[in-house]
Amino acid sequence: MVIIELPSAKATLGLGEQLGKLLPARTVILLEGNLGVGKTTLVKGIGKGLNIRELIVSPTFTLINEYTRGRLRLYHLDLYRLEPQEVEKLYPELYWEYQEVPPGITAIEWAQRLPYQPSDYLEIQLINSPKLVRQAILKEVGNLSLKASFWGSLGQLI
């Protein structure tokens, strides 16, 4: 587990950019945090790090945005408006099993609304600490096995 302080939206964008540069294909990112804490800003940074030129926007109403032109594809899901039974009907596993879509990075906002989760993922929880400084808590779950170089590169942000 790594905790990174994010004193500004620019820092949140920067963390996302680092993630986009470093994460391998088939990485699933489950994002959690209160409304307005910076989940979409982080995904915008991931897109920037993947060299995606398209404008990354919140898919709150479209539910899923697919960005196909970058180092890797980016699949961005936002489950804010949905109940778990509605999420199930989206078949989110299609985006982490990569059997019907090409491999890329899947970022899911409001992941706590998933009725089930992938076996391996990077959990990122964005919180406002008591000192009113935003923090990102990153944790590998399952057998994601990100390389030490990944964690070392993020260590520069700490």
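Shortest non-hydrogen contact noted between Ile52 and Gly70 is CG1-CA, 4.0 Å. Nearest heavy atom pair, residue Glu140 against residue Leu122, reads N-CD1, 4.3 Å. Nearest heavy-atom pair across Ala136 and Leu6 is CB-CD1, 3.7 Å. Nearest approach of Gln112 to Leu31, heavy atoms of both residues: OE1-O, 4.1 Å.
Every side-chain contact (heavy atoms from CB on, under 4.5 Å) that Ala25 has, sequence neighbours left out, goes to Leu72, Pro103. For Arg73, the side-chain contact (heavy atoms from CB on, under 4.5 Å) partners two or more places apart in sequence, or in a different chain, are Thr68, Tyr75, Pro102. Under the rule for a side-chain contact (heavy atoms from CB on, under 4.5 Å), the partners of Pro7 that lie at least two apart in sequence or sit in another chain are Ala11. For Trp96, there are no ring pair (Phe, Tyr, Trp, His ring centres under 6.0 Å) partners, not counting sequence neighbours. For Glu66, the side chain to side chain donor-acceptor pair (under 3.5 Å) test picks out Tyr95, with sequence neighbours left out. Considering only residues two or more places apart in sequence or on other chains, Thr106 meets the side chain to side chain donor-acceptor pair (under 3.5 Å) condition with Tyr98. Residues meeting the side-chain contact (heavy atoms from CB on, under 4.5 Å) test with Leu13, sequence neighbours left out: Thr41, Lys44. By the salt bridge (charged side-chain N to carboxylate O under 4.0 Å, His left out) test, Lys21 is found to be paired with Glu17, residues two or more places apart in sequence or in another chain being considered.
Annotation: side chain of Leu30 is not in contact with side chain of Val141 (no heavy-atom distance under 4.5 Å). Counting only heavy atoms from C-beta outward, the side chains of Leu19 and Leu138 approach each other to under 4.5 Å. Using a 4.5 Å heavy-atom threshold, the side chains of Leu42 and Leu15 count as touching.
Of the residues listed (Val43, Asn65, Ile29), the one engaging Leu74 in a side-chain contact (heavy atoms from CB on, under 4.5 Å) is Val43, and it is the only one.
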Working for side chain to side chain contact (heavy atoms under 4.5 Å, CB included), residues Val37 and Asn128: CA-CA 7 Å; Val37 78; Asn128 285 322; 4.2 Å; yes
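Asp120 places a side-chain N or O within donor-acceptor distance of the main-chain N or O of Asn143, the cut-off being under 3.5 Å.
The structure places NZ of Lys139 at 4.5 Å from CD of Glu123, a figure rounded to the nearest 0.5 Å. The NZ atom of Lys39 lies 10.5 Å from the CD atom of Gln125; values are rounded to the nearest 0.5 Å. Taking CD1 of Ile124 as the start and CD of Gln135 as the end, the distance is 14.0 Å to the nearest 0.5 Å. Taken from CG in Leu114 to OH in Tyr121, the straight-line distance is 9.0 Å, to the nearest 0.5 Å.
Sorted by first then second residue, the salt bridge (Lys or Arg N to Asp or Glu O under 4.0 Å) pairs that include residues 90-102, not counting sequence neighbours, number zero.
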